[in-house]
Amino acid sequence: MEQAWGVWASGSDGRSTAELLRDLADGVQARRRVEVEEFRNVIAWADANVVADLEGAATVRDSYVDTGIPIAGPGAPLVSEFGLTELVATLGRSLDGGREHVGKVVECGWRLPRIRDAVLAGRVAVWRALRVADLTRTLSAEAASFVDRNLAFALPTCTWVQVERLVAEAIDRFDPDTAEERRRDAHDHRHVHIEARLGTDGVVDICGTVDTADGTDLDHALTRRAKELGRVCDLPLAVRRAIALGDLARHDLALDLQIPDPETGEIVRTVPGRKVELFVHLTDTTLTDAALTGMGNVGRLGNTQTPVSAEQIRQWCGLSGSTVIVRPVIDLKDHVPVDSYEIPDRLRTRVLLRDHTCRAPHCQRRAEHCDLDHNHPHAQGGPTCPCNLVPLCRRHHRAKTFGYWRYTIVQPGTYLWSSPHAQHWLVDHTGTTMLDPPRTVDPDPEPPDWVDP
């Protein structure tokens, strides 16, 4: 036993277990100090980037519109939209995630001063304070002050159930109309959510909140149908209930509904059955290997970016009434410019297949929900061609157009960005890399040679 203990008493670098634990403890303390310092710096940044009042929320700065936006609760300052864009990029966060994080810090800094001071003094962990701030951002100033006053001294030890109860009490005390409205509207919060991103095993999660009577009826219907399925198969009850839910959905698709045209009164019948649209991306090597070895058994769902087995695809498409749409192959290397500023769907599709997300630093918004930006402006001779089109979400598009942000296309799919304060990032298929030292970016570059097909 002593010999076995000796084997585990030191790490691979020769440090003893005690030394490793001390070093880990030192690292934890160092991380906490860094988190507190970032917390302090974000509050100071917000103080330096305040838009003073609602009348000045949309200000003009050198002909560029910079909008003050609220990111915390009532009484917290409006902050510069373009300044926030640069801050969240510096923090290495996406626009949505960064705005959420900075909003919680600002909530602490202005509306929860006692909790803020406890964080700066090291008595409360930053993550605990931010979690409380997330709960108080919708409260009135009086309710937030009540939470701050009663929670600051107890936050290190209380449970989150206690925190949530205190927030609920604050609403009841200081905003009773809102509390009553929340109770009345609770019934309207019913929903059924089907997870959009399929797993690699071809299943999907469903969750929801429904009326009690509706939930009881659905439960009885699934149980009855599962019992009927049990007569012909020996699958577990839970699996048969899941199959029964799909059967109910397909039965609804097959309903012979009569829908009149609002103008002519003509009855239009719905087309029953399932429609599956598959985007299959194959190389010539893959096709050859599949033909020779029969190993080409995996596809990819374009709308979820997840793999799916060929057998699952066959099952989906083999259902009665299914429709299969075959689209032509798209070569992403093609130059297919058009003369107009408007972007045809065929060009948009090429860009979306090349750049799956917004191409600004750290942004993960799907390209399908982005604008397509002409990197070299169309009015200055820039072509409407995939080599000159880049997906940018609306906020990053505004920052590039009005907020002194610039980017250069190193090559299609690789972009070099420059922020208003001369910070630089390289964005490509591997993600975002902050450059140090910064690289020089021409604020108005000439189109590169490869733009001309």
Side-chain angles (χ1 to χ4, degrees), residues 19-51 69-139 141 143-164 166-167 170 361-362 419 421 423 425 432-434 436:
E19 291 172 328
L20 290 169
L21 291 173
R22 283 196 298 270
D23 290 344
L24 285 169
D26 291 342
V28 169
Q29 294 301 319
R31 184 178 71 244
R32 288 176 177 171
R33 287 193 295 270
V34 170
E35 289 174 345
V36 171
E37 190 61 24
E38 179 183 307
F39 180 86
R40 186 196 311 272
N41 289 338
V42 170
I43 292 175
W45 172 91
D47 192 37
N49 288 268
V50 168
V51 177
I69 55 176
I71 58 175
L78 303 174
V79 299
S80 163
E81 177 188 7
F82 296 148
L84 181 63
T85 300
E86 185 173 12
L87 173 65
V88 299
T90 302
L91 295 175
R93 296 173 179 267
S94 67
L95 269 179
D96 290 331
R99 175 173 173 169
E100 184 78 8
H101 173 74
V102 175
K104 288 185 282 190
V105 175
V106 172
E107 174 77 6
C108 282
W110 269 263
R111 304 215 316 150
L112 304 173
R114 293 177 178 83
I115 294 178
R116 175 201 62 203
D117 293 343
V119 170
L120 297 178
R123 297 193 303 271
V124 172
V126 172
W127 67 269
R128 281 183 171 270
L130 298 186
R131 188 166 176 181
V132 174
D134 192 41
L135 296 175
T136 62
R137 280 194 291 179
T138 59
L139 303 186
S145 178
F146 174 81
V147 173
D148 183 48
R149 186 169 59 253
N150 287 275
L151 192 58
F153 71 95
L155 186 55
T157 57
C158 66
T159 67
W160 287 112
V161 172
Q162 292 172 317
V163 172
E164 291 170 351
L166 182 64
V167 171
H362 301 292
S419 75
H421 289 87
Q423 299 186 88
W425 295 265
T432 300
T433 303
M434 194 170 189
D436 184 20

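- Counting heavy atoms from C-beta outward, Ile69 and Val79 have side chains that approach closer than 4.5 Å.
- When side chains are defined from C-beta on, Gln29 counts as touching Arg32, because their heavy atoms get closer than 4.5 Å.
- With contacts defined as side-chain heavy-atom distances shorter than 4.5 Å, the pair Phe153/Arg123 does not qualify.
- A donor-acceptor pair is defined here as one N or O able to donate and one able to accept, closer than 3.5 Å; no such pair exists between the side chain of Arg128 and the backbone of Val119.
- Put simply, the side chain of Val132 reaches to within 4.5 Å of the side chain of Trp160, judged on heavy atoms.
- Remark: Leu87 CG to Ser419 OG distance equals 11.0 Å, nearest 0.5 Å.
- Applying the side chain to side chain contact (heavy atoms under 4.5 Å, CB included) test between Arg40 and each of Val36, Val42, Ile43 identifies Val36 as the sole match.
- Residues His362 and Val88 form no side-chain contact, since every pair of their non-hydrogen atoms from C-beta on lies 4.5 Å or further apart.
- Atom CG of Leu155 and atom CD of Gln162 lie 10.5 Å apart (nearest 0.5 Å).
- Here the shortest heavy-atom pairing between Ala129 and Ile115 reads CB-CG2, 3.7 Å.
- The minimum heavy-atom distance between Ala170 and Phe146, with the atom names listed, is CB-CD2, 3.6 Å.
- The closest side-chain heavy-atom distance from Glu35 to Trp127 is not below 4.5 Å.
- Scanning all heavy atoms of the two residues, the minimum distance from Pro156 to Val124 falls at CG-CG2, 3.9 Å.
- Of the possible donor and acceptor atoms, one in the side chain of Glu86 sits under 3.5 Å from a partner among the backbone N and O of His421.
- Using a 4.0 Å cut-off between charged nitrogen and carboxylate oxygen, Lys104 and Glu107 do not count as a salt-bridge pair.
- In this structure, CG on Leu78 lies 12.5 Å from CG on Asn49, to the nearest 0.5 angstrom.
- Within the model, atoms OG1 of Thr136 and CG of Leu166 stand 10.5 Å from one another, a figure rounded to the nearest 0.5 Å.
- Arg111 places a side-chain N or O within donor-acceptor distance of the main-chain N or O of Leu139, the cut-off being under 3.5 Å.
- Taking the side chain as every heavy atom from C-beta outward, Leu91 and Val102 approach each other to under 4.5 Å.
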Residue pair Asp134, Glu100: steps toward the side chain to side chain contact (heavy atoms under 4.5 Å, CB included) verdict: CA-CA 9 Å; Asp134 192 41; Glu100 184 78 8; 3.3 Å; yes

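- Side-chain contact between Trp110 and Asp47: present, with at least one pair of heavy atoms (C-beta onward) separated by less than 4.5 Å.
- The two residues Ala133 and Leu112 make their nearest non-hydrogen contact at CA-CD1, 4.0 Å.
- A pairwise comparison of heavy atoms in Val163 and Cys158 identifies CG2-SG, 3.6 Å as the closest pair.
- Formation of a donor-acceptor pair under 3.5 Å by the Asp148 side chain with backbone atoms of Ala144 is not found in this model.
- Distance check: His101 NE2 to Ile71 CD1 gives 10.0 Å after rounding to the nearest 0.5 Å.
- When every heavy atom of Ala141 is checked against every heavy atom of Pro74, the shortest pair comes out as CB-O, 4.4 Å.
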